[in-house]
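Inspection log for the structure reproduced underneath, given as structure tokens.
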Amino acid sequence: MSPRRTRHSLLLRRLGGIAPRLLGLPVLAFLAACNGNSAIMEHAPRVGSAETLYNHGVDALRTNRYVLATIQFDVLQRNYPYSQYTANAQLMEGYSDYLQSKYPEAVQQLDRFLELHPTSSDAAYAFYLRALCYYEQVADVQRDQQGTIESMDALEEVITRFPQTPYARDAQLKIDLCRDHLAGKEMLVGRFYQEQRNYQAAVNRYQRVVQDFQTTNHVPEALERLVEVYLDLGLLEQARKTGAVLAYNYPDSKWYHDAYDHLRDHHLIKGVPPRASKQGRNAFSRAWHSIF
């Protein structure tokens with residue numbers, strides 16, 4: 001089973017056990033022939049009861065026949081809008097779309113579920129799955145990061161609404177990854193500006209990484225790049241102080257050693273600074289804001 005399937009297996013087992021499985025072989029054979037043919041979905045006939053359609057959909061999910069599962073849940077909703085199975089079918093269709101990487105369709109289905117069933121016991125999962133749809137679409141740092149921001153907003157909503165759930169804990173981990181992604185984008189743009197000798201624009205990008213993304217692993221490089229830019233601009237004292245912040249917080253980083261070499265070449269530092277104490281490391285924000 002893939003990690004994605006494992007992550008959602010509890011939901012599949014619980015919702016799949018809502019009723020006994022009814023497997024009518026002639027019906028199942030007909031639906032299996034529809035698998036992969038999206039045109040049939042628009043003309044799918046009313047087949048069996050809501051219970052039968054639902055259980056066929058769950059069986060299709062369990063055997064990785066996601067298109068067939070979508071057909072089953074969609075036919076159920078169209079023909080039995082007031083069935084006790086309809087709400088679960090809406091959620092499971094969203095899950096099926098997610099498994100097919102049809103993220104906009106999944107979000108639309110999950111929004112519908114949440115609008116119609118805001119107090120459902122599955123609302124936490126629905127919000128979490130909706131957030132995952134945005135998270136899966138986070139683009140490479142070379143591209144626009146609006147999707148990353150939307151992903152963070154959706155993940156934050158999970159934490160705000162359901163703070164004591166496992167979904168919230170996983171959402172926080174993914175928010176941290178999104179923040180690291182945004183910091184990486186800032187560094188990419190900053191390096192470009194630095195190469196173009198647009199130093200003020202580069203400084204703005206690097207400073208944003210240090211000030212707004214302090215928990216990411218891009219901060220040491222941002223500090224070292226600031227040292228380089230300040231030296232190029234002739235702002236020697238700011239370069240020295242920025243190097244000191246880097247020394248206090250990341251003394252073992254390669255970026256600190258690069259910054260040290262630059263500062264030594266400009267006769268702004270002598271010897272090797274002492275290793276940072278715990279007190280020095282905890283003083284990152286105070287040391288940084290004392291520069292600006």
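The analysis underlying the following values was restricted to heavy atoms, covering all of them including side chains, and did not include hydrogens, waters or symmetry mates.
In this structure, the side chain of Thr216 engages the main chain of Phe213 through a donor-acceptor pair within 3.5 Å. Remark: the backbone N or O of Met92 is not paired with any side-chain donor or acceptor of Ser96 at under 3.5 angstrom. Remark: side-chain polar atoms of Asn55 are paired, donor with acceptor, to backbone N or O of Glu51 under 3.5 angstrom. No side-chain donor-acceptor contact under 3.5 Å links Ser120 to the backbone of His117. Using modelled atom types, one side-chain atom of His218 and one backbone atom of Asp180 make a donor-acceptor pair closer than 3.5 Å. The backbone N or O of Leu76 lies less than 3.5 Å from no partner atom in the side chain of Thr86, so there is not a single donor-acceptor pair.
Asp153 pairs by the side chain to side chain contact (heavy atoms under 4.5 Å, CB included) definition with Ile149, not counting sequence neighbours. Applying the side-chain hydrogen bond (donor to acceptor under 3.5 Å, both in side chains) rule to Gln194 yields the partners Tyr206, Glu228; only residues at least two apart in sequence or on another chain are considered. Residues forming a salt bridge (Lys or Arg N to Asp or Glu O under 4.0 Å) with Asp212 (at least two apart in sequence, or on another chain): Arg208. Contacts of Asp232 classified as side chain to side chain contact (heavy atoms under 4.5 Å, CB included), with partners at least two apart in sequence or in another chain: Tyr199.
With a 4.5 Å cut-off on side-chain heavy atoms, Leu182 and Met152 count as touching. When side chains are defined from C-beta on, Arg225 counts as touching Met187, because their heavy atoms get closer than 4.5 Å. Between Cys178 and Tyr135 the shortest side-chain heavy-atom distance falls below 4.5 Å. Using a 4.5 Å heavy-atom threshold, the side chains of Phe73 and Val58 count as touching. In this structure, the side chains of Asn204 and Gln200 come closer than 4.5 Å at one or more pairs of heavy atoms. In this structure, the side chains of His56 and Thr52 come closer than 4.5 Å at one or more pairs of heavy atoms.
Between Glu195 and Arg191 there is no salt bridge, since none of the side-chain N atoms of the basic residue sits less than 4.0 Å from a carboxylate O of the acidic one. A salt bridge links Arg264 with Asp261: the closest approach of a Lys/Arg side-chain nitrogen to an acidic carboxylate oxygen falls below 4.0 angstrom.
No more than 12 heavy atoms of other residues, nucleotides or ligands lie within 6.0 Å of CD in Gln164, so this atom counts as exposed by the packing criterion. More than 12 heavy atoms of other residues, nucleotides or ligands lie within 6.0 Å of CD in Glu150, so this atom counts as buried by the packing criterion.
Between Phe127 and the options Phe113, Tyr134, Phe162, a ring pair (Phe, Tyr, Trp, His ring centres under 6.0 Å) holds for only Phe162.
Side-chain polar atoms of Gln77 and Gln72 form no donor-acceptor pair below 3.5 angstrom. Side-chain polar atoms of Thr148 and Ser151 form no donor-acceptor pair below 3.5 angstrom. Residues Asp176 and Gln172 have side chains that bring a donor and an acceptor to within less than 3.5 angstrom of each other. Side chains of Glu224 and Ser253: a donor-acceptor N/O pair is absent below 3.5 angstrom, by distance only. No donor-acceptor contact under 3.5 angstrom links the side chains of Tyr95 and Asp97, judged on distance only.
Rounding to the nearest 0.5 angstrom, the gap separating the SG atom in Cys133 from the NZ atom in Lys102 is 12.0 Å.
If you chain together hydrophobic residues whose side chains sit under 4.5 Å apart, Val229 and Trp255 never meet in one group. If you chain together hydrophobic residues whose side chains sit under 4.5 Å apart, Val75 and Tyr85 fall into the same group. With hydrophobic clusters built from ILVMFWY side chains whose heavy atoms lie under 4.5 angstrom apart, Tyr103 shares a cluster with Val67. Both Leu263 and Tyr260 are assigned to one and the same hydrophobic cluster, defined by single-linkage of ILVMFWY side chains at heavy-atom distances under 4.5 Å. Under a hydrophobic-cluster definition in which Ile, Leu, Val, Met, Phe, Trp and Tyr are linked whenever side-chain heavy atoms come within less than 4.5 Å, directly or via other members, Leu110 and Tyr66 are assigned to the same cluster.
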message: Quick one, Leu231 with Leu268, criterion side-chain contact (heavy atoms from CB on, under 4.5 Å). Give me CA distance, side-chain angles, the key distance, then yes/no.
response: CA-CA 10 Å; Leu231 290 175; Leu268 295 175; 3.7 Å; yes
- prompt: Please walk me through it: do Leu99 and Leu61 pass side-chain contact (heavy atoms from CB on, under 4.5 Å)?
  reply: CA-CA 9 Å; Leu99 291 174; Leu61 277 180; 4.0 Å; yes
message: The test is side-chain contact (heavy atoms from CB on, under 4.5 Å); show your working for Tyr230 and Arg240 and say whether it passes.
response: CA-CA 9 Å; Tyr230 289 144; Arg240 187 187 64 78; over 6 Å; no
field: side-chain contact (heavy atoms from CB on, under 4.5 Å) assessment of Leu223 paired with Tyr250
entry: CA-CA 10 Å; Leu223 289 168; Tyr250 307 99; 4.1 Å; yes
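Here salt bridge (Lys or Arg N to Asp or Glu O under 4.0 Å) pairs that include residues 104-113, with residues two or more places apart or in two chains, are Asp111-Arg130.
Here Val189 sits in one hydrophobic cluster together with Phe192, Tyr193; the rule is ILVMFWY side chains under 4.5 Å apart, joined directly or through other members.
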